[in-house]
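When a residue number appears, it is its place in the shown sequence, counting from 1.
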Amino acid sequence: MTQLKELPLTALQFYATAPYPCSYLPQKTARSQVATPSHLIHADLYGELVNAGFRRSGLYTYRPYCDECKACIATRILVSNFQANRSQKRSWKKHAGLDINVLNLGYQEEHYQLYKHYQNERHSGSQMDQDDQDQYMQFLLQSRVNSRIVEFRDGPNDPLPGKLRMVSMIDILNQGISSVYTFFDTNNPSASYGTFSILWQIQQSLGLGLPYLYLGYYIKESEKMSYKANFQPMEGLVDGHWQAIIAP
C-alpha cells in the first residue's frame, strides 16, 4: 500500500478506526484509515488520495486498513484501452434509448425513493437499508470536489417515458472520473442498468480526455464486488503499485 510520506499530504492527519463487522465478507472484521480534516480535502488533493486507494462517503475520506485482510483492492479502468465484451455490448444496445441528465448535487425526493427501493431490494438487512433522508444526503449529496448526479430515465419510445430508472453519483477529477455510487430500479430482472452506467461513465471519461474511470474496491470473494473485473483492462492497487487485474 502506498506510504503516506510519499504523498504531498502534509496538511492532513490520518487515523485508524476501531474494528467493525465487514460489510462484504461474513465473519470478517474491518478497519478503515481516515483522512482529516475534511475541509482541506479539495479536488486536487482528493485526486492524490484516490490514486493512493482512498474513496469518499460524503465528506468522509477513507481506505481499507484491516489488520489481517487485503481483500479490498482499489480499481481503475484505462478507458482508452477498454474493450466491451459481448454481454456489455448487449447492455449498451438494450439501454441506448434512455434519456440521461447530468445535474448538480441537490436533493430530489424521487431520487431518494429510488434509493430506498434499491437498498430494500439489494441490501436488505444491512445498515444502509435503514438510511433516512438525512443519512442519504450525508452519504451522497455532501462533497467538496467536482461532483455530479446522473439520472437515467426511460426515453420517448419506452412504455413509461420519463420514468426514473437509475441514478449515479460521480466525481470528476483531474485524472479521471470516480464512480461514487449507483442505484437503480430492480423491478426489471432482464435489465442491466448498473453495467450500462459504467459503460456510460467510460464514454464520458473518453469524451473529457481523462485516462481513468475509478470503480472503487474489487473483492474477489464477494459477489457484490467481484463483477468489476469484467471491465477490462482493469488495474488494481496492490502493495502500492497499480497493476493488471485479470478477470477470473
Mind checking whether Tyr212 and Val79 have side chains closer than 4.5 Å, heavy atoms only?
no

Full working for ring pair (Phe, Tyr, Trp, His ring centres under 6.0 Å) between Phe152 and Tyr193:
CA-CA 9 Å; Phe152 301 79; Tyr193 293 125; 8.5 Å; no

Considering all heavy atoms, the nearest Lys228-Leu215 contact
NZ-O, 2.8 Å

Apart from Tyr15 itself, its cluster of hydrophobic side chains linked below 4.5 Å comprises Tyr24, Leu25, Val34, Tyr60, Tyr62, Tyr217, Ile219, Met225

Test ring pair (Phe, Tyr, Trp, His ring centres under 6.0 Å) applied to Phe139 and Tyr181, step by step
CA-CA 10 Å; Phe139 173 34; Tyr181 200 73; 5.1 Å; yes

Which residue in the set Arg153, Lys116, Arg165 passes salt bridge (charged side-chain N to carboxylate O under 4.0 Å, His left out) when paired with Glu110?
Arg153

Would you say Glu223 has more than 12 foreign heavy atoms packed within less than 6.0 Å of its CD?
no

Counting neighbours of CD on Glu109 that are heavy atoms of other residues, nucleotides or ligands and sit closer than 6.0 Å, is the number greater than 12?
yes

Please assess Ser168 against Ser197 for the test side chain to side chain donor-acceptor pair (under 3.5 Å), listing each intermediate value before the final yes or no.
CA-CA 7 Å; Ser168 292; Ser197 173; 2.7 Å; yes

Kindly give the heavy-atom pair with the smallest separation between Gln133 and Tyr112, and that separation in Å.
N-OH, 3.2 Å

Under the side chain to side chain contact (heavy atoms under 4.5 Å, CB included) test, which residues partner Ser38, sequence neighbours left out?
Leu59, Arg144

Tell me if a side-chain donor or acceptor on Trp242 pairs with a main-chain N or O of Thr75 at a distance below 3.5 Å.
no

Regarding Glu48 and Tyr46, is there a side-chain donor-to-acceptor distance under 3.5 Å anywhere?
no

